[in-house]
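Data block below; observations after.
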2 protein chains.
Amino acid sequence: MSGQRRHTPTIHDVARHAGVSSMTASRVVNDYPHVSAQVRERVNAAIQTLGYRPNALARATRTGIAQIGLLYSNPNSSNLSNFLMGAFKEASASGSQLLIEPTPAHPTPLAAVRKLVEAGVRAIVLPPPLCDDPEVFAYLESEGVPSVSFATAAPRPDKASVFVDDYEGARMMTRHLIDLGHVDIAFIRGDARHSTARRREDGFRATMAEADLKVPDAFVAEGDFTYRSGLDAARQLLGAGKRPTAIFAANDDMAAAVSAVAHGLGLDVPSELSIGGFDDTPVASTVWPELTTIRQPIADMAATAVSMAANLARHDGDDETSRHVNAELTLVPRASTAAPKA
Amino acid sequence: MSGQRRHTPTIHDVARHAGVSSMTASRVVNDYPHVSAQVRERVNAAIQTLGYRPNALARATRTGIAQIGLLYSNPNSSNLSNFLMGAFKEASASGSQLLIEPTPAHPTPLAAVRKLVEAGVRAIVLPPPLCDDPEVFAYLESEGVPSVSFATAAPRPDKASVFVDDYEGARMMTRHLIDLGHVDIAFIRGDARHSTARRREDGFRATMAEADLKVPDAFVAEGDFTYRSGLDAARQLLGAGKRPTAIFAANDDMAAAVSAVAHGLGLDVPSELSIGGFDDTPVASTVWPELTTIRQPIADMAATAVSMAANLARHDGDDETSRHVNAELTLVPRASTAAPKA
DNA sequence: CTGTTAGCGCGTTCAT
DNA sequence: ATGAACGCGCTAACAG
């Protein structure tokens, strides 16, 4: 604020430029009704040419700061810092305040949501599995608090959401493994309560089927997205019977666990076992060898979600603000996958 | 701001209560000169009784928002989210804006600092190893940007800092292991460029010596705080020769790696090998069995650091604001340590 | 539909 | 050493 040009245009500049009062300009900026189309047009033009950006600080002195609730379900997820980073960055840009709440700290997910609402948040960001919970939506509806579903695989048409195509992501990884020459590919499921877990499994199975590859039941292990569950799953998959030459885990934490078990068994990764993850969280590049995975732009997605929530918090979802943003997934090939040993 | 009581006292209330003008009250609040001791006293009393808290928003409209630089060195550290959480929480409370920058994204640490300074930050928080780098301090000095050293084991008397007693923490863990009955205890070092790594090793050695326990060279392995280095260290320690019955790793990430290697070797934790970590990051309760570790209140420490930086950013360190905050460490006993098998 | 008035809670003049 | 007046950028209220 100090070193900047004195020339950040204010709403008065816009008003003068458009030949209206600052109040009218303000109305246009905030999408208020009772402004003729003509004037609105003129003001918008002025905003364009001047490059006007509302000053969130000044605004907050009058309207109060918009509180936005942000839940997170897995405190141990190595993805949390990216999520927070993106969210906070956008919050400070949009001048809103984040109230962060760990879902597991409450007896039920609904209790966590209720706490936030009672604390006065005017919009809320719902990560899985909350964004798939009808009870939560019913409560929010009754309280009139708008929401943004984050990373759900089953976005509701009437609710804002930002998500990725988990199905397609799983296809990319599976195809990568198949292209490498793998045939015996095992899969570790995520928490079945998350819609994303189901979509990832579907994508895996569909791609295998397309390639005429069988997926025996013994090659699909339960998991719940935690490292711990990955340990169990890996032991089961690698322990007895015919071994797969590749394991695709539904997220990086479980893939990291597979890596640990493989090392324990003296299996070389990737020559004796290829491992694929999903998310590209920091652990993916922490474990050795680094994990081939599907990158999910969590920070950007979080920023988008907060931005949408901030909008909803202002004009309580009057227009069709319930947008749906589909973020892009990319395959990140690293050292944990290779062609199977002949 | 909306749902709150209308009764958050303003500086005017304080002024009225003290029988002075709001201007004088403002001067007192901001530690400005030219106020008689008497008046200052009265105003401070009013602040106390009314429970006045300056409104960061309103203040920012006049002074601009204070930008505070926040470096972090290890993007993969599972501690990052706690660090961010504490930092952002305090930032929004104190009405300052955080500019986050990953040190490794730059060719040299100094370059990272320079970028932040050039972006206009008015104070900066320095985690290890930056807070032990004379070059960085020299540059900051020349630019007149105050700093807060974060988690250094060698705080400079003339610079603000928030830290823990790493030496004492290492003693706690070592004593815990000794009390359990362990005699052959190995240690994995942290990155020697971090002052904390050295202090932790010192604490370990001192406690061993006090208990008349030997620490053969073969029982001290190199590490650099990363999971990867922990893997190598653990393999070396557990691979050949006489095995220790307990390993104390200088941080949780490396302890987690020890756990992975132990599993690989078919060693039961804790009955055949006890593992101690340091930091109590999320991984500590992610791996199985959960790690006994030394908890460092990272979120609180980060909040404190940001708060101190915000103060420094206001009145550029005129008085002796270079405080030193010593945060408390606690031993968290979990499932990875037990008495050695007879 | 549009404009005027009146601040939000502070801190910066510049007087006194 | 202290205070009056003004304005930061924006928006509720209430006019018209």
Side-chain angles (χ1 to χ4, degrees), chain A residues 1-2 4-44 46-47 50-66 94-96 310 313-316, chain B residues 1-44 46-47 50-66 94-96 310 313-315:
Chain A
M1 214 107 200
S2 67
Q4 295 174 203
R5 287 277 143 71
R6 248 276 159 280
H7 270 326
T8 305
T10 78
I11 199 165
H12 297 108
D13 298 326
V14 172
R16 197 174 322 121
H17 196 93
V20 298
S21 80
S22 352
M23 199 50 240
T24 301
S26 170
R27 282 197 262 261
V28 174
V29 170
N30 295 342
D31 271 329
Y32 276 2
H34 307 306
V35 177
S36 72
Q38 297 203 18
V39 172
R40 191 176 292 275
E41 197 53 45
R42 250 189 304 146
V43 173
N44 276 324
I47 291 179
L50 295 186
Y52 168 75
R53 282 260 312 149
N55 179 324
L57 246 50
R59 165 142 68 198
T61 59
R62 303 260 350 116
T63 59
I65 203 166
S94 70
S96 42
R314 309 208 100 261
H315 31 287
D316 203 5
Chain B
M1 214 112 202
S2 67
Q4 294 173 202
R5 285 279 144 71
R6 250 277 157 279
H7 271 326
T8 306
T10 78
I11 198 165
H12 297 108
D13 298 325
V14 172
R16 199 175 320 122
H17 196 92
V20 298
S21 81
S22 352
M23 198 48 247
T24 302
S26 171
R27 281 197 262 262
V28 173
V29 170
N30 295 348
D31 273 327
Y32 277 1
H34 307 306
V35 177
S36 72
Q38 299 203 16
V39 171
R40 192 176 291 277
E41 197 51 46
R42 248 187 306 145
V43 173
N44 276 324
I47 291 178
L50 295 186
Y52 168 74
R53 283 259 311 148
N55 179 325
L57 245 51
R59 166 143 64 198
T61 59
R62 299 234 30 88
T63 59
I65 205 169
S94 70
S96 43
R314 309 207 99 262
H315 31 286

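Note on naming: letters A, B, ... go to the chains in the order of the sequence lines (proteins, then strands), and numbering restarts at 1 for each one.
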Sequence neighbours excluded, the answer for side chain to side chain donor-acceptor pair (under 3.5 Å) partners of A:Ser94 is A:Ser96
Taken to the nearest whole Å, CD1/B:Ile65 to C1'/C:dG9 is 15 Å
Applying side chain to side chain donor-acceptor pair (under 3.5 Å) to A:Ser21 and not counting sequence neighbours gives A:Thr24
Donor-acceptor pairs under 3.5 angstrom involving side-chain atoms of residues 34-41 of chain B: please list them, not counting sequence neighbours.
{"residue": "B:Ser36", "atom": "OG", "partner": "B:Val39", "partner atom": "N", "Å": "3.2"}
{"residue": "B:Arg40", "atom": "NH2", "partner": "B:Tyr32", "partner atom": "O", "Å": "2.7"}

In whole angstroms, the gap separating C1' of D:dC10 from CG of A:Leu57 amounts to 11 Å
Review item, nucleotides 10-12 of chain C N/O atoms under 3.5 Å of protein N/O:
{"residue": "C:dC10", "atom": "OP1", "partner": "B:Tyr52", "partner atom": "OH", "Å": "2.8"}
{"residue": "C:dC10", "atom": "OP1", "partner": "B:Asn55", "partner atom": "N", "Å": "3.1"}
{"residue": "C:dC10", "atom": "OP2", "partner": "B:Ile11", "partner atom": "N", "Å": "2.8"}
{"residue": "C:dG11", "atom": "OP1", "partner": "B:Asn30", "partner atom": "ND2", "Å": "3.2"}
{"residue": "C:dG11", "atom": "OP1", "partner": "B:Arg59", "partner atom": "NH1", "Å": "3.2"}
{"residue": "C:dG11", "atom": "OP2", "partner": "B:Ser26", "partner atom": "OG", "Å": "2.9"}

The side chain to side chain contact (heavy atoms under 4.5 Å, CB included) partners of B:Ala46 (sequence neighbours excluded) come to B:Val14, B:His17, B:Ala18
Hits for side chain to side chain contact (heavy atoms under 4.5 Å, CB included) against A:Arg16, two or more places apart or cross-chain, chain-then-number order -> A:His12, A:Asp13
Side chain to side chain donor-acceptor pair (under 3.5 Å) filter on B:Ser22, not counting sequence neighbours, yields none
Per the under-4.0 Å heavy-atom filter, residues of residues 33-44 of chain B near DNA chain C come out as none
As a check of understanding: the bend across the helix from C:dC1-D:dG16 to C:dT16-D:dA1, end axes from five pairs, rounded to 10 degrees, works out to 40°
The complete set of salt bridge (charged side-chain N to carboxylate O under 4.0 Å, His left out) pairs with one or both residues in residues 54-64 of chain A, sequence neighbours excluded, reads none
With sequence neighbours left out, the residues meeting side chain to side chain contact (heavy atoms under 4.5 Å, CB included) with B:Ala56 are none
Of all heavy-atom pairs linking B:Val20 and B:Ala25, the shortest is CG2-N, 4.3 Å
All heavy atoms of A:Asn44 vs all of A:Val28, minimum pair found to be OD1-CG1, 3.6 Å
